[in-house]
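Data first, discussion second: the structure below is written as structure tokens.
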Amino acid sequence: MRHLRSAAILIGALVFTFAWVFPILWSVLNSFKTEQDILAYPPKLFFEPTLAAYRQVLFGAQSILPNVWSSIVISVGTTVITMILAVPAAYALARLQVPGKKSAGFYILVTQMLPPVGIIIPYFLALRNIGWMDTYHGIIIIYLSFSLPFAIWLMVSYFEDVPWEMEEAAAVDGAGRLTTLWRIIIPQVKGGIAVTVVFVFLNAWNEFLFAVVLSGNTVRPVTIAMFNFVSVEQTLWAQLAAVSVVAMLPVVILGIVAQQHIVKGLTVGAVKGGGRR
Amino acid sequence: MTTQGQVRLENVAKYHGQVAALKNVELDIRPGEFFALLGPSGSGKSTTLRLLAGLDKPTRGRILFDGADVTAKGAQDRDVAMVFQSYALYPHMTVAQNISFPLEMEKTPKAEIAGRVQEAARKVRIEHLLDRRPGQLSGGQQQRCALARAIVRRSGLFLLDEPLSNLDAKLRLETRTELKRLQRSLGVTTVYVTHDQEEALTLADRMAVFMDGEIRQIGSPAEVFAWPNSIEVAAFIGSPPMNLMKAALKDGVPSIDGRPLDVKPVSGSPEVIVGVRPSAVRIGGDGIRATVDLVENLGDNAILDLSYEGGTARARVDDAADYAEGQTVAMSFDAKNIHLFDAASGRRLEVQ
Amino acid sequence: MPEAGAFSSGEPDGLSAQNLDRLERLREKRFAGALLAPALLALLATTTFPLFFLVWISAQRKDLAMPFMDGFVGLENYRQLLGDPRFWESLGLSMIYTVSTVVLQVAIGLALALLLMKMKRGQTLFRIIAILPVVLSPAVVGMVWRSFMLTPEFGVIDYLSITAGFGSRNWLGDPTLAMISVIVIHTWQWTPFAFMVLLASLAALPEDIYEAARIDRANSWQRFTRITLPLLRPAIVMVVIMRTMVALTAFAAIYVVTAGGPGTATEILNLYAYRKSFTELSLGYGSALAVALLIVTVLISFVLFLLRRERTA
């Protein structure tokens, strides 16, 4: 009985590992293959690794470095603006007596039910009219539509964890409201801010729908640029694999760094912020 | 002792919507006094402390420090220091940074801060912990750190919100003594909130007993203990609580179980309650016949649970071994130990 | 002490104190308002304004290919929508896609969580593995699956199919297989999410109730159905709500893998709205489709939230 159970657990664990690691691992392997190796049948598990695909992808004629830069500018820009707006708002929602606080919170929640496609249509028309298509500010502003509610809700949950007496102790010690926020409260939610930053960055890096509609030759994040390597006539498999790895790398690193907080981030983001992908 | 640090509450009330947390409180606290606010939870004592701190504003009334109206001032503009029940130490700062924070807020010169922090830390004996974070301290050390943060600024009023309630029993006793010594040496007016009557009785110069958002009695611990002015206060102070026994009146003289008590007749009160502290119940000789229901041995002494015709009572006796459950005893009271209260109003009746 | 109360100078002081209380609250409101206002304005601009604009556009004929025909048409787009078989088909596909992916995620996620709960060591490893798919861009996931897993005679799945004797299949060219493929891909990416949430909830269940149940002689199946499931129900309902919202508006992976094809075989409502607007350039009609999607989303979440309230009550 006991053996049976351990065996079941082991088999489950193995299936789990294989099913979820393999597609990613396979892309990574493919990215180190030559075009010949990659097309070999049956598929090769063992081969002589080469950086040729990466060389091509990073420094070749179709270098994706400008696209990586695009992704970075968009993600960092979105993250910075989101945090500047979200942290004070979340503090107010979590800790201060605000009339209509409930409705404000509900409003932020409800905004998340809007399907992205319903946001992008009007935005597309508006940005086209003012000539903001294919610009960083255009795309960053629309990214706020999903990053801001998410960041506010996540930060609210962190602010709520700070003991209530903190503001009072600071007031008795002679600190004003802003000093209290800056010197007493914010340092206590540093961890929460870091986690929120990771998630906002991640979501911005991964966003696709808005980017597909709004990007052009100037602003072209990696997720869009990978299509350069796929065409009806010929697909550059190894290079496509390399681009995929480049696109995956930052979020995988961030994901592992934020590993312990990921459940909180995902649930708050999805329940209160309506996970947007 | 300083002449500064006089506190006065005039006609102060606090409402949360329609609910009264505090109704019409009048209070004078003398400079340098150790003043306890004692009462059960929800009685308004903590509300009073928060109003003194400026954390809440009264719905009505005035608050004066040394004659100056501070009602309008927020906590950061009042010269008060406070120790919170949870200590409210800033977890991201070291002990030294915690203590220096109020000084920084006052814009104390940098050169002076270090010395003052050292001095405050030495007074509560945590000089060796200055580089630690609150999370690395024991409960008692955290409590000292909170004390140091409160005394460092030498403010005119020192507020303590149940500062000992988070300590274990042994530490609580030690700290209690130390707190008293610290307050004496600083000479600062201190307001101390507690629900623990023993703390109030041992620490305070004077105290106010709160119930239902009102002050029921103000006086020195000895006064309140010896002359509780109502049934409620009498029942609240003292452990085990005072025996409260219904008495029949015959020509104004109260009697229990048909035995008239050795007190002068009362007038104007159709029904009285007789109060006797368990320690003042005499067992033996001639008296009211009672049965011992239970003997609670406390080591040094013992408590007897007694039942007599018409009610129950408790008595403190020296030796548990002298009594057995089911035994019949006689109890009696000396006149000087008898408190009389009007049953309808609950107010103390002065006789003798 | 009523006498002393009469001593205080009475009304004027009392009144001013009352004002103080109010002034204090006003100050706090102002401070809170100042902190909240920028974020609320940004949300207004990026979510509420588009919503009203969207509804307005949905009442227009707005055809980028034929701008000369543009103009206000009232409810015409909605009338057209109700008689549009492609709309009903896409709505049906949305339902199939949503229900199947959500059920699969919860079922597999729960099974894995229960299984790995029992593991003494190595849980951290699985948590990290579970994070990988979840943090990836659905577009990249779609690309990886489409290219390296599903391409006929090249992808690993096709290789396995050939090896197993089922022969090479046109995974994304066959309407049924294509739908199954996009469902599998979505399930692959998001099951680890359900797994992580359910594992966390499982881990939070108190140990002693299981000990109590054992003393009450409940066998392991009874412990699962009578203790674990009821206690886990809030978490499961939460996962269902979250995953439903996401599945209804799934876009990137399907777009990359099939773009809604072959034909309209994987064109869920969300994709239809996109294609109508940005491929066929009929933004007016596309907006009406988006509004329809919004209404469907609101209705479904309303039902799910009712479910949640009922069960937690």
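Bear in mind that the values here come from a model prediction, so they are computed numbers and not experimental data. Here is the naming used below: chain letters follow the sequence lines, and residue numbers restart at 1 for every chain. The basis for the numbers below is simple: all heavy atoms, side chains too, and nothing from hydrogens, waters or symmetry mates.
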Residue among [options] with most heavy-atom pairs under 4.5 Å to chain C:
options: A/Ser27, A/Pro23, A/Ser244; answer: A/Pro23
options: A/Ile141, A/Val21, A/Thr223, A/Ile24; answer: A/Ile24
options: A/Pro88, A/Pro122, A/Ala92; answer: A/Pro122

Kindly compute the distance separating [atom1] ([X]) from [atom2] ([Y]), expressed to the nearest 0.5 Å.
X: C/Phe31; Y: A/Tyr91; atom1: CZ; atom2: OH; result: 6.0 Å
X: C/Leu54; Y: A/Ile121; atom1: CG; atom2: CD1; result: 6.0 Å
X: A/Ile256; Y: C/Ile129; atom1: CD1; atom2: CD1; result: 10.0 Å
X: A/Leu114; Y: C/Thr47; atom1: CG; atom2: OG1; result: 6.5 Å
X: A/Leu254; Y: C/Ile131; atom1: CG; atom2: CD1; result: 11.5 Å
X: C/Leu125; Y: A/Thr17; atom1: CG; atom2: OG1; result: 6.5 Å

Structural part of [X] lying under 4.5 Å from a heavy atom of chain C:
X: A/Val252; value: both
X: A/Ile81; value: neither
X: A/Ile84; value: neither
X: A/Trp26; value: side chain
X: A/Trp205; value: neither
X: A/Tyr143; value: neither
X: A/Ala258; value: neither

Between [options], which residue shows the highest count of heavy-atom pairs closer than 4.5 Å to chain A?
options: C/Val141, C/Val256, C/Leu248, C/Val239; answer: C/Val256
options: C/Ser58, C/Ala42, C/Pro192; answer: C/Pro192
options: C/Tyr255, C/Tyr159, C/Trp145; answer: C/Tyr159
options: C/Phe53, C/Phe195, C/Phe148; answer: C/Phe148
options: C/Val55, C/Val291, C/Leu44; answer: C/Leu44
options: C/Pro38, C/Ser287, C/Ala290, C/Ala32; answer: C/Ala32

Which bit of [X] is near chain A, if near means a heavy-atom gap under 4.5 Å: side chain, backbone, both or neither?
X: C/Leu112; value: side chain
X: C/Leu116; value: side chain
X: C/Leu271; value: neither
X: C/Ile57; value: side chain
X: C/Arg30; value: neither
X: C/Ala200; value: side chain
X: C/Ile162; value: side chain

So do [Y] and [X] actually touch side chain to side chain, heavy atoms under 4.5 Å?
X: A/Phe146; Y: C/Thr46; result: no
X: A/Val243; Y: C/Met143; result: no
X: C/Leu64; Y: A/Arg128; result: yes
X: C/Thr249; Y: A/Leu209; result: no
X: C/Tyr274; Y: A/Ile120; result: no
X: A/Val251; Y: C/Leu136; result: yes

task: On the 0 to 90° scale, with breaks at 30° and 60°, tag the A/Phe208-C/Phe251 ring pair as parallel, tilted or perpendicular.
output: tilted

task: Show your reasoning for whether side chain to side chain contact (heavy atoms under 4.5 Å, CB included) applies to A/Val212 and C/Phe278.
output: CA-CA 10 Å; A/Val212 146; C/Phe278 296 103; over 6 Å; no

Flag, side chain of [X] to backbone of [Y], donor-acceptor distance under 3.5 Å:
X: A/Asn206; Y: C/Pro138; value: no
X: A/Trp237; Y: C/Ser147; value: no
X: A/Gln259; Y: C/Ile128; value: no

message: With a sphere of 6.0 Å drawn around CZ of C/Phe302, does it hold more than 12 non-hydrogen atoms of other residues, nucleotides or ligands?
response: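 No, CZ of C/Phe302 has 12 or fewer neighbouring heavy atoms, counting only those of other groups under 6.0 Å.
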
message: Atom CD of residue position A/Gln97 - does it have more than 12 heavy atoms of other residues, nucleotides or ligands inside 6.0 Å?
response: no

- request: Could you walk me through whether A/Leu96 and C/Leu36 pass the side chain to side chain contact (heavy atoms under 4.5 Å, CB included) test, one step at a time?
  value: CA-CA 11 Å; A/Leu96 299 176; C/Leu36 261 174; over 6 Å; no

- request: Specify the closest pair of heavy atoms between A/Ala19 and C/Trp188, including all atoms of both residues, with the distance to one decimal.
  value: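 Closest heavy-atom pair between A/Ala19 and C/Trp188: O-NE1, 2.7 Å.
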
query: Do you know which two heavy atoms are closest between C/Val135 and A/Gly255, and how far apart they sit?
result: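 Residues C/Val135 and A/Gly255, closest heavy atoms: CG1-CA, 3.9 Å.
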
